[in-house]
Enquirer: 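Starting off with a structure, shown below.
Numbered from 1 within each chain, the chains take letters A, B, ... in sequence-line order.
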2 protein chains.
Amino acid sequence: MKRVFNFSAGPAMLPQAVLEQAQAEMLDWNGSGMSVMEMSHRGKEFMSIAAQAEADLREIMAIPANYKVLFLQGGASSQFAMIPINLLRGKTTADYVDTGDWSAKAIKEAKRYGEVNVVASTKEGNYTSVPAFDIWKCDPNAAYLHYTPNETIRGVEFAWVPETGDVPLVADMSSTILSRPVDVSQFGLIYAGAQKNIGPAGLTIVIVREDLIGETIAGTPAMFDYKIHADNESMYNTPPTYAWYLAGLVFQWIKQQGGLTGMAAINERKAQKLYAAIEASGGFYNSPVAADCRSWMNVPFTLANADLDKPFLTEAAQAGLTTLKGHRSVGGMRASIYNAMPEAGVEALVSFMQDFAQKNG
Amino acid sequence: MKRVFNFSAGPAMLPQAVLEQAQAEMLDWNGSGMSVMEMSHRGKEFMSIAAQAEADLREIMAIPANYKVLFLQGGASSQFAMIPINLLRGKTTADYVDTGDWSAKAIKEAKRYGEVNVVASTKEGNYTSVPAFDIWKCDPNAAYLHYTPNETIRGVEFAWVPETGDVPLVADMSSTILSRPVDVSQFGLIYAGAQKNIGPAGLTIVIVREDLIGETIAGTPAMFDYKIHADNESMYNTPPTYAWYLAGLVFQWIKQQGGLTGMAAINERKAQKLYAAIEASGGFYNSPVAADCRSWMNVPFTLANADLDKPFLTEAAQAGLTTLKGHRSVGGMRASIYNAMPEAGVEALVSFMQDFAQKNG
């Protein structure tokens, strides 16, 4: 077996130790004689797995007691609707920051339910920067403010958290959650699809301040009501049990890396190595993103000579460096270097990039 | 490692051969150097896995070309809302048959979106039978007729398919799909949560006649629109890739069992052995369900002396026969014997039941 360094934007690499534990336990979890996949979600075995995963996530992120942690299905795409449905609470307007493709999708879906006030947009600059907070046109009566701390496609990441006062702050952390410490108390709601830094696709984590839930728009499906999931401890219906279990293994792995402080140190080092290689290439490689908001997780870059894109991808794959093609809306390359990408993977990529530039420069 | 015979109603047993293949491929699928969990859903590896799974399901069920097969998230509970949202199509009423707890949940959710005409209910008889078709009060103008071919909790299964003429027939097959052949062309829509006969929890299969989709109620989340999923081949958002892969392995396993005809022969034999043991116990065990609608998949039974329930469960578990406790709303026992329960598991249960009756009779 030869493992590759897989730079996919998601679903993405998982820690090898997690996969090995899942492999060992596949037919018999902890002497139960069952795979975790086969367990009743209401049986004592799975209930213990679920509770441990939540406890570990609460510990890692220091989630205050007045926040509910929900383990849901449907991805960020479902959250784009669930957020206005649940958080408008009789108000008609919500604030949104538009910093990329995922912000734009959240905005489009929210418009089904109310008025969207776009407080700032970087679309004209091709989504390559973060708008300065002092130009945001916030509505003090907005039900909430939604932003995307890290844009997966363009690789634009906020290095700071907006201060929205009494307006609850809502963040799509799909591609940045667990990559560095955050102060959860600054947020009304944090959500993240699992398939980047948490576990396999099909699980969505929602962390929500409990006073914000309980009121929904008429005609809301039961499955889109946070309160119903919160009151049933994410077991109103059968949850995605195996994904929940794997998320728990990832949380334990993060604790072994020194928690979010430890992860942040590793992630910053990985990102700096890669950006430094781009900068040092004398223009052979280029980052389209403003220097103050370059993502630690998703690193898009272009080759000055686009004719070399194809050979770059082919030779990289031959070297065991896969899924480096940029999103079809951007072109070029993108290296997603989430928590589970080993530092050795980034080093291998940097080394390959240097060799490739030397040969073709 | 000692595997148990796990009679859970769902999530439930998976074929051991499937688990062993998943285990072997956990860190490296087919020489790709990646776990299936780590693959981009848009990469060629996962696209091939997804396409093969759909092709195999179409073959097993002989799904006509004018039906879409969707691989979704959210379970049957999401379908309870998606069905009226998508299939009312300007009409105001839908017909529902009420034969148990899951029918009742579907009815409750549908009432958020339109008028529900309950054409027949067996609630007064404690949901232990199937209502004769000639007493159903169907509305010829109903948008569709919804029924539950197998009620997981009470173990009541239709041995026949209602003939609803031009009114599309909608079936919650969560606990009976793939257990015997069905003529898909008799249905407008079939849906099933995966966690009984398909794969792990977190995947929902929807098979829908394509002329029925494309019109939704105002304010519908994009994720609840069948047409959006159909147009995007179930990749409007990131699908639950690992569950999809496992479902594909289960479909291949079913083909090895002789397809649905082969499965049906095995399932009928398993069910008959268990019901025969109940009947032969001289009243020590009893089936609450009418003889003409006893489920092949979920077999509830009671002990005449309920004081023996606890010792029965304890001793069964010691014998490697687990999760036999009846649903809390019914009491007694329930043995779920889905496709993946080996015939040897049913034989072990029957043998245990006979010994237990002899010791305690």
Enquirer: So, T314(B) side chain and K310(B) main chain: donor-acceptor pair closer than 3.5 Å or not?
Expert: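 Looks like yes, one N/O pair under 3.5 Å.
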
Enquirer: Give, as side chain, backbone, both or neither, the part of A24(A) having an atom under 4.5 angstrom from any heavy atom of chain B.
Expert: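 Only the backbone of A24(A) comes within 4.5 Å of chain B.
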
Enquirer: Quiz question: by atom type and distance under 3.5 Å, do the side chains of E151(A) and S103(A) form a donor-acceptor pair?
Expert: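 Yes, side-chain donor-acceptor contact under 3.5 Å.
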
Enquirer: Would a line drawn from the ring center of Y245(A) to the ring center of F46(A) be shorter than 6.0 Å?
Expert: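 No: the rings miss the under 6.0 Å criterion.
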
Enquirer: Pick one of side chain, backbone, both or neither for F5(B), based on which atoms fall under 4.5 Å of a heavy atom in chain A.
Expert: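 No part of F5(B) comes within 4.5 Å of chain A.
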
Enquirer: Measuring heavy-atom distances to chain A, does Q23(B) have an atom under 4.5 Å in its side chain, in its backbone, in both, or in neither?
Expert: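 Answer is both: backbone and side chain atoms of Q23(B) are under 4.5 Å from chain A.
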
Enquirer: Mind ranking G75(B), S77(B), A76(B), S8(B) by heavy-atom pairs under 4.5 Å with chain A and telling me who comes out on top?
Expert: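 The answer is S77(B).
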
Enquirer: So, are D101(A) and K105(A) salt-bridged, with charged N and O less than 4.0 Å apart?
Expert: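 K105(A) and D101(A): not salt-bridged.
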
Enquirer: Heavy-atom pairs under 4.5 Å with chain A - which of G10(B), A340(B), G219(B), P200(B) has more of them than the others?
Expert: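 Top count of heavy-atom pairs under 4.5 Å with chain A: G219(B).
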
Enquirer: Have a look at N298(B) and tell me which of T152(B), N150(B), T176(B) forms a side-chain hydrogen bond (donor to acceptor under 3.5 Å, both in side chains) with it.
Expert: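 With N298(B) as partner, side-chain hydrogen bond (donor to acceptor under 3.5 Å, both in side chains) holds for just one option, N150(B).
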
Enquirer: With a 4.5 angstrom heavy-atom cut-off, could you sort out which part of E25(A) is near chain B: side chain, backbone, both or neither?
Expert: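 No part of it gets close to chain B.
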
Enquirer: Give me the ring orientation class for Y191(A) and F80(A): parallel if the planes are under 30° apart, tilted from 30 to 60°, perpendicular past 60°.
Expert: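 Aromatic pair Y191(A)/F80(A) classed perpendicular.
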
Enquirer: Assess, by modelled atom type and distance only, whether the side chains of T323(B) and N6(B) contain a donor and an acceptor separated by less than 3.5 Å.
Expert: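 On atom types as modelled, these side chains qualify, holding a pair under 3.5 Å.
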
Enquirer: Against chain A, work out which of G43(B), A194(B), A201(B), A81(B) has the most heavy-atom pairs shorter than 4.5 Å and name it.
Expert: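 Sorted descending by pairs with chain A, the first entry is A201(B).
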
Enquirer: Sort L246(A) into side chain, backbone, both or neither according to what part of it lies under 4.5 angstrom from a heavy atom of chain B.
Expert: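 The side chain, not the backbone.
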
Enquirer: Working note: T238(B) + Q195(A), criterion side chain to side chain donor-acceptor pair (under 3.5 Å); need CA distance, chi angles, decisive distance, verdict.
Expert: CA-CA 9 Å; T238(B) 311; Q195(A) 64 270 17; 3.3 Å; yes

Enquirer: Name, in order of residue number, those residues of residues 27-40 of chain B that have a heavy atom at a distance of less than 4.5 Å from a heavy atom in chain A; otherwise write 'none'.
Expert: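 Within residues 27-40 of chain B, the residues that come under 4.5 Å of chain A (heavy atoms only) are L27(B), D28(B), S32(B), G33(B), M34(B), S35(B), M37(B), E38(B), M39(B), S40(B).
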
Enquirer: Picking from P11(B), A9(B), G202(B), which has the most non-hydrogen pairs under 4.5 angstrom with chain A?
Expert: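 Most heavy-atom pairs within the cutoff with chain A belong to P11(B).
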
Enquirer: Could you check whether any side-chain heavy atom of M235(A) comes within less than 4.5 Å of a side-chain heavy atom of M47(A), counting everything from C-beta outward?
Expert: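 Side-chain contact under 4.5 Å: yes.
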
Enquirer: Counting only heavy atoms closer than 4.5 Å, note whether A222(B) contacts chain A via side chain, backbone, both or neither.
Expert: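 It is both, since atoms from each part get that close.
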
